[in-house]
Amino acid sequence: MKLIYGIKDKPKFGQVIVFAIQQLLAIMAATLVVPVIINTSGTMPEGAPAMSSAAALFGAGVGTLVYLLFTRFKSPVFLGSSFAFIGSMCAAFAGAVSAQAGYLGLIIGAAFAGLVYVIIALIVKFAGVKWISKLMPAVVIGPTVAIIGLSLAGNAIGDLQTAPAGGSSYVAIICGLVTLAVTMLCATFGKKMVRLIPFIMGILAGYLTATIFTVIGNVASIDALKVINFAPLTGLFTNFSVESIVSLPDFTFVEAFKGIKDIDGAFIGTVAVAYIPVAFVVFAEHIADHKNLSTIIEHDLLEEPGLHNTLLGDGVGSIAGAFFGGCPNTTYGESVGCVAITGNASVVTIFTTAILAMVISFLSPFVAFVNTIPSCVMGGVCMALYGFIAVSGLKMIQKVDLEKNRNLFVVSVILIAGIGGLTVSFGKVTLTAIACALILGILTNLMLGIKDDKEEK
């Protein structure tokens with residue numbers, strides 16, 4: 001798809017705000033849910049204050065700004081809460097003697113992970129990126145990017161079919177498919193502004209459909225038709241106060257500073273072991289995301305602004321995000337997919353999205369509204385988002401000669417390992433299916449290329 005707005009383009013102010021809201025909606029659900037998963041994981045000490053989703057959103061905004069600074073505003077991608085570190089975050093709380101120490105462990109762990117990125121960035125700075133291209137050519141990166149999208153397919157379909165307790169999955173599917181249909185129609189046939197905001201149009205259409213079903217269900221007392229739970233919104237105004245409009249997120253560092261006295265060398269070692277190996281896994285996903293984005297914008301980000309700068313931005317941005325929200329950040333495939341579908345690669349949009357994320361984290365009504373968007377509606381959007389990520393990866397191997405057994409086996413191993421969900425655990429550290437697929441792909445490519453080191457594209 002030809003870009004409508006390039007990296008350096010600056011849409012009009014009103015358009016930028018709308019584009020930023022669209023990016024925010026694309027990444028917000030995943031960013032907000034990571035703290036929720038930790039809160040319900042059973043590793044939080046009894047009586048400990050819950051992690052704040054609003055703080056995680058603020059941290060994502062801060063992390064993205066840091067990333068943009070390090071990449072000199074040349075890479076249009078948003079950083080959000082990383083799912084890869086969920087196990088590490090649970091380990092930080094499980095190994096802490098107090099809740100405050102656990103929160104401090106989140107920051108220390110993110111610092112360890114960020115340090116890994118800094119070290120790799122220094123190696124890349126002096127050794128260049130050619131070894132990366134040789135180690136991970138298109139035949140390896142292409143199917144790996146495809147796996148990133150395909151591995152999320154189950155999440156999208158699961159959300160599409162999700163209805164509240166007593167609700168009908170058929171009604172949920174209808175709402176999700178309305179969302180998907182409007183998104184596709186706007187992206188394909190929309191004129192001017194409509195074509196640039198297909199996700200907003202799709203979500204609004206799906207939300208309206210779900211609202212109609214819910215209203216009918218409430219009036220007729222039919223639970224099967226109730227799709228939306230408006231409690232997060234109505235609860236704000238039951239006892240109206242200033243806090244119901246504007247509230248300060250519970251930043252991680254506030255609790256963390258109270259736990260300094262409760263940490264020791266053993267705990268720091270536990271946190272290091274939990275975070276450092278995962279950082280190498282996320283590094284592989286960092287490469288894949290930036291290779292994918294490079295293909296979409298037709299500009300090699302590994303060369304300019306350079307892999308060392310994207311790594312520094314991701315690493316330091318992750319530390320900054322964890323300082324405020326507890327969650328290490330990573331580049332988001334949803335953000336990349338949004339760029340691909342809309343043709344809007346303007347970095348100004350990403351910058352505005354980051355600012356908007358920080359501002360909105362203080363606005364209780366907006367966060368509450370997002371929490372009322374039914375899973376089925378987001379599932380409809382994600383079918384398009386994750387599908388585009390998968391297709392972007394497959395496009396990378398269009399010029400790869402799959403008549404050659406070497407290439408055929410590399411792609412086959414990556415796809416089957418990734419789709420099959422191959423994972424390997426070493427204690428509390430788990431290599432994700434994407435990481436395992438990438439590693440197997442690299443090893444297969446190297447093994448079968450022993451007699452022929454000529455790079456195949």
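Computed from a predicted structure; not experimentally measured.
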Problem set entry | Step-by-step side chain to side chain contact (heavy atoms under 4.5 Å, CB included) determination, Asn229 to Thr372 | CA-CA 6 Å; Asn229 177 14; Thr372 67; over 6 Å; no

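- With hydrogens and angles ignored, the 3.5 Å screen pairs a side-chain donor or acceptor of Asn39 with a backbone N or O of Met51.
- Closest approach of Thr349 and Thr353 over heavy atoms only: O-OG1, 2.7 Å.
- Using a 4.5 Å cut-off on side-chain heavy atoms (C-beta onward), Asp314 and Phe283 make no contact.
- When side chains are defined from C-beta on, Thr330 does not count as touching Phe85, because their heavy atoms never get closer than 4.5 Å.
- Between the side chains of His286 and Thr331, not a single donor N or O lies within less than 3.5 Å of an accepting N or O.
- The minimum heavy-atom distance between Ile414 and Val140, with the atom names listed, is CD1-O, 3.5 Å.
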Problem set entry | Audit row: Leu106, Tyr103, side chain to side chain contact (heavy atoms under 4.5 Å, CB included) steps and yes/no | CA-CA 5 Å; Leu106 299 182; Tyr103 276 102; 4.1 Å; yes

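- Judged purely by atom type and a 3.5 angstrom limit, Asn407 has no side-chain atom pairing as donor or acceptor with the backbone of Leu402.
- Considering only heavy atoms from C-beta on, Leu301 comes within 4.5 Å of Ser294 through its side chain.
- Looking at Glu334, its side chain never comes within 3.5 Å of a backbone N or O of Ala26 through a donor-acceptor pair.
- The heavy-atom pair separating Val282 from Ser82 by the smallest distance is CG2-OG, 4.4 Å.
- Judged by distance alone, the side chain of Asn309 and the main-chain N or O of Pro305 form a donor-acceptor pair under 3.5 Å.
- Between atom CD1 of residue Ile120 and atom NE2 of residue His308 there is a gap of 14.0 Å, rounded to the nearest 0.5 Å.
- Ser346 contributes a side-chain N or O that, together with a main-chain N or O of Asp9, makes up a donor-acceptor pair within less than 3.5 Å.
- Between Arg72 and Glu304 there is a salt bridge, since a side-chain N of the basic residue sits under 4.0 Å from a carboxylate O of the acidic one.
- With a 4.5 Å cut-off on side-chain heavy atoms, Ile197 and Thr342 do not count as touching.
- The backbone N or O of Thr310 sits nowhere less than 3.5 Å from a side-chain atom of Thr71 that would complete a donor-acceptor pair.
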Problem set entry | Phe199 vs Leu385, side chain to side chain contact (heavy atoms under 4.5 Å, CB included): CA-CA, chis, key distance, verdict | CA-CA 9 Å; Phe199 297 124; Leu385 273 174; 3.5 Å; yes

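- Judged by distance alone, the side chain of Ser361 and the main-chain N or O of Met358 form a donor-acceptor pair under 3.5 Å.
- Across every non-hydrogen atom of Ser335 and Gln23, the tightest pair is OG-OE1, 3.0 Å.
- Between the CG atom of Leu79 and the SG atom of Cys327 there is a distance of 12.5 Å, given to the nearest 0.5 Å.
- The neighbour count for Phe369 CZ, taken as heavy atoms of other residues, nucleotides or ligands under 6.0 Å away, is above 12.
- The CD1 atom of Ile200 lies 6.0 Å from the CG atom of Leu25; values are rounded to the nearest 0.5 Å.
- Tyr386 is not listed as a side-chain neighbour of Leu150, based on a closest heavy-atom distance of 4.5 Å or more.
- Between the side chains of Tyr5 and Gln15, a donor-acceptor pair is found at a separation under 3.5 Å.
- The distance from the CD1 atom of Ile350 to the CG atom of Leu65 is 11.0 Å, given to the nearest 0.5 Å.
- Ser75 and Tyr67 form a side-chain donor-acceptor contact under 3.5 Å, judged by distance and modelled atom types alone.
- By the neighbour-count criterion of 12 heavy atoms within 6.0 Å, atom NZ of Lys125 is sparsely surrounded, having that number or fewer from other residues, nucleotides or ligands.
- Put simply, CZ on Phe366 and CD1 on Ile360 are 4.0 Å apart, with the number rounded to the nearest 0.5 Å.
- Listed here is the closest heavy atom pair of Ile141 and Met136: CG1-O, 3.4 Å.
- Contact check for Gln161 versus Ile157: side-chain heavy atoms found under the 4.5 Å cut-off.
- At a threshold of 4.5 Å between non-hydrogen side-chain atoms, the residues Pro328 and Tyr275 count as touching.
- Residues Val339 and Leu293 meet the side-chain proximity criterion, which asks for heavy atoms closer than 4.5 Å.
- Within the 3.5 Å criterion, the main-chain N or O of Ala274 finds a donor-acceptor partner in the side chain of Ser88.
- Results of the ring pair (Phe, Tyr, Trp, His ring centres under 6.0 Å) test with Phe58 over Phe253, Phe323, Phe251 single out Phe251 as the only residue that passes.
- Looking only at distances, a side-chain donor or acceptor of Gln22 sits under 3.5 Å from a matching main-chain atom of Leu196.
- Atom OG1 in Thr352 sits 11.5 Å away from atom CG in Leu24 (nearest 0.5 Å).
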For this session: Go through Leu446 and Leu135 one step at a time and tell me if the side chain to side chain contact (heavy atoms under 4.5 Å, CB included) criterion holds.
Result: CA-CA 8 Å; Leu446 292 176; Leu135 194 65; 4.0 Å; yes

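- Formation of a donor-acceptor pair under 3.5 Å by the Thr252 side chain with backbone atoms of Gly326 is found in this model.
- Closest non-hydrogen pair, Trp131 versus Val124, comes out as CZ2-CG2, 4.0 Å.
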